[in-house]
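To start, the structure under review is shown below, and the notes come after it.
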Amino acid sequence: MTVPFIVDSHCHLDFPELSGRLDEVLAHARAEGVALMLTISTRVRQFDRLRALAETHDEVWCSIGTHPHNADEEPDVTPDELARIAEHPKVVAIGECGLDYHYTFSSRDGQERSFRTHIAAARLAGLPVIVHSREAEERTAQVMEEEHAKGAFASVLHCFSSKPALAGRGLAIGSYVSFSGIVTFKSAADIQAVAKAAPADRILVETDAPYLAPVPMRGKTNEPAFVAHTLRHVAGLRGVDAAAMARTTSDNFFRLFPKVKRPAAFTERAA
C-alpha cells in the first residue's frame, strides 16, 4: 500500500524550540510522511541563519520577510532588497508579513507600510506573499484588495484564524488559505466552516511550529510531523480521506510555490 507525502507549508525551524534538536525534528517529520517544509522568515536581518538551514537540508525551503511584530525594527527594508535576497534558489516566498492588532509590538502604520513593501517585493520577484492577519481582518482585506488593484500577486492567508469574510475576500483575488492546528480546536467553528467550504484547489495545511500544536498534541511543542493530524482533521471536515487531502494540499503547495522543486519520488510512499 502507498500513501502520499505531506507538506508543512509554514513552520519556524530556526526558532530555539526546534533548532536545538533539528535532526530529531526532521526525523519525526519523515516518519510521519512529511517530506517538505517551508521555514519562514520573521526578520530580514536574521536571514543568514535561515538560509544556512535551508541550504543544509534538501527537504527545507525558506522565505524572506519581516513579521508584523518586527515591522518597527526593520523600517528600512525595501522591495528591491527583498527581491534581491529572493533570488537565492532556496527562497520561494516573501513574508511573513501582514497585520497583527492583537499585540502592539509594532505600530499599525509601521505594519501596514511593511505589508505593502512586501507585496511590492512579491511583484518584483514573482513570488507569493505569506500573509499574517490577527484581529485585523477588515484592514488586511482592504490592503490586499488595494494592492491587487495595482497589480496582481499570489498570496496565502497563513494560519487562518479569522472570520469567513476574510477568506472570501482573499479567495476572490486568488489567495490560498492555509490551516494550522487551530482548525482542530473545539472553539474553532468559524475556521472549520472555512475549511469545509474553501475550494479544494486553494487549501494548504501547516503547523506554524513551534506554536499551536493540533489536537491530540495540544500542550506539546509543535513540530512539522504534527501537520499530519491537521491534515486528517481537514479531510474529515470535507468528507474525504486523508490520502486524497494529502495529494490535494501537496499539489496546491507546488502550484503556489512553483520555485520549489518537486522531488521525482514525492507523490507516493510506502504506508
Side-chain angles (χ1 to χ4, degrees), residues 4-11 34 36-41 61-65 68 86 91-99 115 118-119 121-123 125-134 136-137 140-141 143-145 147-148 151-183 188 190-209 212 224 227 230-231 233-235 237-238 240 244-260 262 266:
F5 286 106
I6 306 170
V7 178
D8 182 0
S9 67
H10 191 116
C11 57
V34 181
L36 287 177
M37 288 148 271
L38 179 52
T39 188
I40 304 300
S41 175
W61 301 76
C62 68
S63 69
I64 180 63
V91 177
V92 301
I94 304 295
E96 63 185 285
C97 57
L99 304 175
F115 192 9
H118 283 70
I119 292 172
R123 292 196 198 94
L127 296 178
V129 183
I130 298 168
V131 178
H132 172 111
S133 181
R134 187 174 186 190
E137 298 173 17
T140 298
V143 170
M144 292 180 71
E145 289 164 349
E147 290 295 328
H148 194 267
F153 59 93
S155 62
V156 56
L157 294 165
H158 111 86
C159 190
F160 190 79
S161 58
S162 301
K163 300 290 186 183
L166 176 59
R169 291 170 72 174
L171 290 165
I173 58 171
S175 186
Y176 289 62
V177 183
S178 183
F179 299 98
S180 71
I182 295 175
V183 76
D190 283 338
I191 302 164
Q192 291 164 1
V194 174
K196 290 179 183 179
D201 62 353
R202 301 284 193 84
I203 294 173
L204 299 177
V205 288
E206 64 172 87
T207 56
D208 206 11
L212 304 172
V227 75
T230 300
L231 183 138
H233 191 86
V234 172
L237 290 171
R238 295 179 67 88
V240 300
M245 185 55 58
R247 292 187 189 95
T248 294
T249 53
S250 294
D251 287 346
N252 293 347
F253 176 86
F254 289 112
R255 189 184 315 111
L256 178 61
F257 302 101
K259 196 173 170 182
V260 179
R262 186 170 191 150
F266 183 87

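In what follows, residues are counted from 1 in the order of the sequence shown.
- Looking only at distances, no side-chain donor or acceptor of Lys163 sits under 3.5 Å from a matching main-chain atom of Asp190.
- Atom-to-atom distance recorded for Ile130:CD1 and Ile94:CD1 is 8.5 Å, nearest 0.5 angstrom.
- A distance of 12.5 Å separates CG in Leu256 from OG1 in Thr249, rounded to the nearest 0.5 Å.
- Between the Thr140 side chain and the Leu99 main chain, no donor and acceptor come within less than 3.5 Å of each other.
- At least one donor-acceptor pair under 3.5 Å links the side chain of Arg255 to the backbone N or O of Asp201.
- Side-chain contact check for Arg202 versus Val177: every heavy-atom pair is 4.5 Å or farther apart.
- Across all non-hydrogen atoms, the minimal contact from Leu171 to Pro199 is CD1-CD, 3.8 Å.
- Contact record, Ala246 with Leu231: CA-CD1, 3.6 Å, taken as the closest heavy-atom pair.
- Rounded to the nearest 0.5 Å, atoms OG1 (Thr207) and CG (Asp8) are 3.5 Å apart.
- Of the inter-residue distances, the one linking Met37 atom CE with Cys62 atom SG reads 13.0 Å to the nearest 0.5 angstrom.
- Although no hydrogens or angles enter the test, the distance criterion places a donor-acceptor pair under 3.5 Å between the side chain of Asn252 and the main chain of Ile203.
- Taking every heavy atom of both residues into account, Glu96 and Pro68 meet most closely at O-CD, 4.1 Å.
- Proximity of a side-chain donor or acceptor of Arg262 to a complementary backbone N or O of Asp251 within less than 3.5 Å is not detected.
- Looking at His158 and Ile40, their side chains never come closer than 4.5 Å, going by heavy atoms from C-beta outward.
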Next on the checklist: side chain to side chain contact (heavy atoms under 4.5 Å, CB included), that's the test. Do Ser180 and Thr230 meet it? Break it down for me.
Outcome noted: CA-CA 7 Å; Ser180 71; Thr230 300; 5.8 Å; no

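- Side-chain atoms of Phe5 and Leu36, non-hydrogen and from C-beta on, never get closer than 4.5 Å to each other.
- Rounding to the nearest 0.5 Å gives a distance of 10.0 Å between OG of Ser63 and CG of Leu127.
- Side-chain contact between Val131 and Phe115: present, with at least one pair of heavy atoms (C-beta onward) separated by less than 4.5 Å.
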Item to check | side chain to side chain contact (heavy atoms under 4.5 Å, CB included) evaluation trace for Phe257 with Val7 | outcome: CA-CA 12 Å; Phe257 302 101; Val7 178; over 6 Å; no

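- Here the closest non-hydrogen pair linking Ser250 and Ile6 is OG-CA, 4.1 Å.
- At a threshold of 4.5 Å between non-hydrogen side-chain atoms, the residues Arg169 and Glu145 count as touching.
- Here Ser9 contributes atom OG and Phe179 contributes atom CZ; the two are 11.0 Å apart, rounded to the nearest 0.5 Å.
- Here the side chains of Leu157 and Met144 are in contact, with some heavy-atom distance below 4.5 Å.
- The nearest pair of heavy atoms linking Val194 to Pro164 is CG2-CA, 3.6 Å.
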Checklist entry - Passes side chain to side chain contact (heavy atoms under 4.5 Å, CB included), His132 versus Cys159? Steps please. => result CA-CA 7 Å; His132 172 111; Cys159 190; over 6 Å; no

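- Between the side chain of Ser155 and the main chain of Val129, no donor-acceptor pair closer than 3.5 Å is present.
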Next on the checklist: Working note: Glu147 + Arg123, criterion side chain to side chain contact (heavy atoms under 4.5 Å, CB included); need CA distance, chi angles, decisive distance, verdict.
Outcome noted: CA-CA 10 Å; Glu147 290 295 328; Arg123 292 196 198 94; 3.0 Å; yes

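- Between Val260 and Leu38 the shortest side-chain heavy-atom distance does not fall below 4.5 Å.
- Between Ala188 and Ile182, the shortest heavy-atom distance links the atoms CB-O, 3.2 Å.
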